[in-house]
Structure formats: C-alpha cells, structure tokens
Protein chains: 2
Amino acid sequence: MEPKQSSQRYKISKAMLERIPKYYYYIKELKRRGEEYISSAEVATALRLNAIQVRKEFAEVSSVAGKPRIGFRIDTLLKDMEVFLGYNNIDEVIIVGAGRLGQALMFYDGFQKYGFNIVAAFDNNPKLFGMTFNEKPVLDIKELPQFVQRMNIQMAIIALPKQYTQEVANLLVDAGIKGILNFSQRFLEVPEDVVVQDINIVATLAILARNMKKKQDNR
Amino acid sequence: MEPKQSSQRYKISKAMLERIPKYYYYIKELKRRGEEYISSAEVATALRLNAIQVRKEFAEVSSVAGKPRIGFRIDTLLKDMEVFLGYNNIDEVIIVGAGRLGQALMFYDGFQKYGFNIVAAFDNNPKLFGMTFNEKPVLDIKELPQFVQRMNIQMAIIALPKQYTQEVANLLVDAGIKGILNFSQRFLEVPEDVVVQDINIVATLAILARNMKKKQDNR
DNA sequence: TAGATTGTTAATCGATTAACAATC
DNA sequence: TAGATTGTTAATCGATTAACAATC
C-alpha cells in the first residue's frame, strides 16, 4: 500500500477551490510577461483579495516555502497549482448534445491545455451523426453506453440547455459516468457516488444583475 | 428620503444567492407537474440540502408566511423568487464575440424567459457583420460604444475564450457597461463601480474532477 | 543589516445547524 | 384534536482576518 495521496493533506473549502484557479490564471499571465517570481501580497492586491488569505493558500498549495522579500518562483508555483487542480492528469470527457453549445465546447481548446480530452459528442439527431467538429466525432446517443464502458470514461458534459436532461443523466449514470458538468437549469438527481457540477448561465447573469443593483444602492 | 428599497432588508450571503436559483428551478418543475403547494422540507430532501437552511431562506424570500402542514403556495413562492432574482426586470444585454460560444448564447432562449434580452453581438470579424443569429444582429465592435450609450445598456457578456479580453473589458467600461459576465479564464481588471462575474468552464471541470477523486478516496 | 514577506497561531466574523415554541 | 411544518433564537461550526515571530 502506498501512502495516502495528495488529497486531504489539509481541508479544502469550496471557496478555496474556486480561488486557486484565479491565482493560477493570473500568475500564468505574469509568466507570459516574463516574470520569474511573485509574492502572495502582489497577487492579493492585483486580484483584490485579502493578503492573509492568499498567503495562507499559497503556503498550503506550494511544495516549496516562499522566500521572504522575494515570494514564490512562478514556475514552481504554477506546477504546484496544476497538481492541486489536477491539470496534469489527463481526463477523457464526452459531451452530450452536439447543438451550438456542444459545438462551441468541442472547439474550445482550453480543455486540452488543462488536461481534459474531449473524445466525442453524442446526440439523437441523425443529421449530425458522423460529422466532426474540431476533429471530434458526433455519435448516436444509442452508442453512448457501450462507448463509455469500452473507453472507461468517467466524465460527461451535458450541453442540452432544454429538456431530456434527467433522462440523459440516468443514461450516463447507468453507463458508469461518475462526474457530470451540467449546463442545464434543471437539478439532476443522481446516486450518491456521482458528482454533479452545475453551470447555470442565466442564474449567473441574475446574480450579476443583483450585485450591480446592490452596488448602485450602496452609493 | 424614501425608505430603503427592497435590497438589504436582510443580509444575503453569496452562498444563499446561489441556492435560490436551485430552489426556483426545482419548484418550477413541480409547477409544471401540476403541484400547487410545496413545503421547505420537501425541497430540502429533493435537493439534498439542509432542511433548516431551506426553511430559513424560504422565510426570507417569501412575501407570505408558509402554512404549517401545507407549506408554501407554489405560484406565490415562484413570484417572490422571481422578484428576489430580478427575473421581472427586463435587462438588455450585449454579447462581445460572435464565435461559436457567442452564437450558442444568442440561440439560448433561457435568457428571454428570465428577463434578459440579448440585443446584439459584436465582433471584429467583418465576415460576421450583418449576419443574424436567432434574430440578433452581429455588429462591428467599433460601433459598440455608441450603441451602448444610445441604448443605455448596462450588461455585457464576454464570449471570447481567448485573448483580447482585458482590452474588450476596457472598451466596455469606457462605454458605460456596469456588469460583465466573463467566460474567459483571464481575470478582468475593472473600476470599483463595475461588477464582474466569471464563468470558467475549465476550472469548473477541474473542480468536478477533484470532487470525484475525493469521493473515490473516501470509500 | 533592515525590512518585506513569509508561515502559523489565535481572534473574529459569518454561515450553518440545532432547538423549540407557535400554529394551521 | 394531533402533529407536520413553520419562523426564530441560540449554539455550533467553519472560514476569514489579525497578530506576530521567523527569515531571506
């Protein structure tokens, strides 16, 4: 038995899990500009976050202690964050729904860069069968269970903003999918061992509108 | 001086602001099925949330007290949540980027149903100028400032998963936009009075992968 | 060296959960 | 009526922020 893996060395809050990518993409940008070192203090200022929080989370994520007066080596820190975020593991992902959203996702090459490999999309529209978008084929949704099992795929993206989503979720779960990214507004009922992450665009827009109003009222 | 408006009758946590839409879409589904009343307890069970929390938040959002043994009238509760989420105010929104993601958004009619009116998309690709998607025109990004000012538009969606995002954000801010929904991975620097809401698809997928791993480790 | 920045423990703050009386 | 469900106050829990000694 090997020792316990990286996970759960320390407790990770949901909030922290959402901040790490923000640090990551910001620092990545600095690297692009040729920077070599970054201090937690600078990141906090730039991203308008609390300095102590950033410091603490850098300490948790980093494999190497930061140096007073200098900060963290950007290359090392980015690698550590990649490990933390799992960008180094390659995960294969399927998309259900080859409509406009599904197509947009197939063309989005951000996935590949961060360890996600979109292998195929599934749809029930025969007109789409056999088409490829960005070299990713669209297959008949009837083939999904076999495909998922044969390739041992764990993750799926539901890109059907309309109906069928629960039905599709059931299909995915039965096929063995363990994680679903859900772009629909509907709540998905899944067994205990399956994880769902929702992206609700309209709800996010509504939250934005609400925050705007709050800001205006507070002046 | 008029009395303080609806906002800030009670403190609203970010977490609560993300839960209300979940309640809303679930209850909406019940309405579709012909239900008339719903109890906070049932919602909690269905959505796997803490019953006390749901009860408390229903009490905060609802204009009418729930009735013991019966719960809340669905019609009333939905309306109250619509007010809370601002689905009754009509907000006009522009999209910057008429690529695949932008097109998918133009075709997404969830917006209209919840009070958001996509009025146009802007791009710098002349081939797209004059085209319409779902009756929404694509205009030259050079026309953006004038358009925004003339129509007094407050909200914009940045659907350029690639570069240019900071540049575009600056343009939007200068034109008078007060809220930005940002689909790019880049952190946007904006003035104090502008609100940004990020949707980072890759980061969300990474969080999903991490949650999956955690669940597997815990067994 | 001096002091900017680190890592970490302790204090505060806010959100979640428990408890319970009120009531349809 | 009885009891399921409500609204609300108090207790707990967790996350954020403050404080400060360590150090490159």
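Just so you know, these numbers use all the heavy atoms, side chains as well, and skip hydrogens, waters and symmetry mates. The sequence lines fix the lettering, A, B, ..., with proteins before strands; numbering per chain opens at 1.
As a whole-Å value, the separation of A:R73 CZ from D:dC24 P is 17 Å. In this structure, A:E57 atom CD and C:dT8 atom C1' are separated by 14 Å, rounded to whole Å. Rounded to whole angstrom, the span from the CZ atom of B:R19 across to the C1' atom of C:dT17 amounts to 12 Å. Atoms CZ (B:F58) and C1' (D:dG7) sit 14 Å apart, rounded to a whole Å. Atom CD in B:Q53 sits about 17 Å away from atom P in D:dT8, given to the nearest Å. If you take CD1 of B:I70 and P of D:dA2, they are 19 Å apart, rounded to a whole angstrom. Rounding to whole angstrom units, CD of residue A:E18 and P of D:dT16 are separated by 11 Å. In this structure, CG of A:L17 is placed 12 Å from P of D:dA15, rounded to the nearest angstrom.
Atom CD of B:Q112 is surrounded by 12 or fewer heavy atoms from other residues, nucleotides or ligands within 6.0 Å.
The closest donor-acceptor contact from the side chain of A:D91 to the backbone of A:F116 lies at 3.5 Å or more, if one exists at all. Judged by distance alone, the side chain of B:N134 and the main-chain N or O of B:K136 form no donor-acceptor pair under 3.5 Å.
In this structure, B:A51 reaches neither bases nor backbone, as no heavy-atom distance under 4.0 Å exists between it and the strands shown. Across all strands, B:Y37 comes closer than 4.0 Å to no nucleic acid atom at all (heavy-atom distances).
Put simply, B:S40 has a side-chain N or O that comes within less than 4.0 Å of OP1 or OP2 on D:dT6.
Side-chain atoms of A:S13 lie closest to D:dT16 of the nucleotides C:dG7, D:dT16, D:dT6.
With hydrogens and angles ignored, a donor-acceptor pair closer than 3.5 Å exists between the side chain of B:K56 and the base of C:dT17.
Of all non-hydrogen atoms in B:A46 and A:F187, the two that sit nearest each other are O-CE2, 3.4 Å.
Centroid-to-centroid, the aromatic rings of A:F58 and A:F72 come within less than 6.0 Å. Ring centroid separation for the pair B:Y25 and B:Y114 comes in under the 6.0 Å cut-off. Outside the 6.0 Å centre-distance limit, the rings of B:F84 and B:Y24 are not counted as a close aromatic pair.
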With 3.5 Å as the limit, what N/O pairs link the protein to nucleotides 19-23 of chain C?
from, atom 1, to, atom 2, distance (Å)
C:dA19, N6, B:R55, NH2, 2.9

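For DNA chain D, each stem of at least three Watson-Crick or G-U pairs (distances under 3.5 Å) is given as range with range: C:3-24 with D:3-24.
Position along DNA chain D of the nearest nucleotide to A:N50 versus B:G66 favours B:G66 as the more 5'-ward residue.
When each of B:L105, B:D123, B:L181 is checked for a side-chain contact (heavy atoms from CB on, under 4.5 Å) with B:I95, only B:L105 meets the rule.
Under 3.5 Å, the side chains of B:E42 and B:T45 contain no donor-acceptor pair of N or O atoms.
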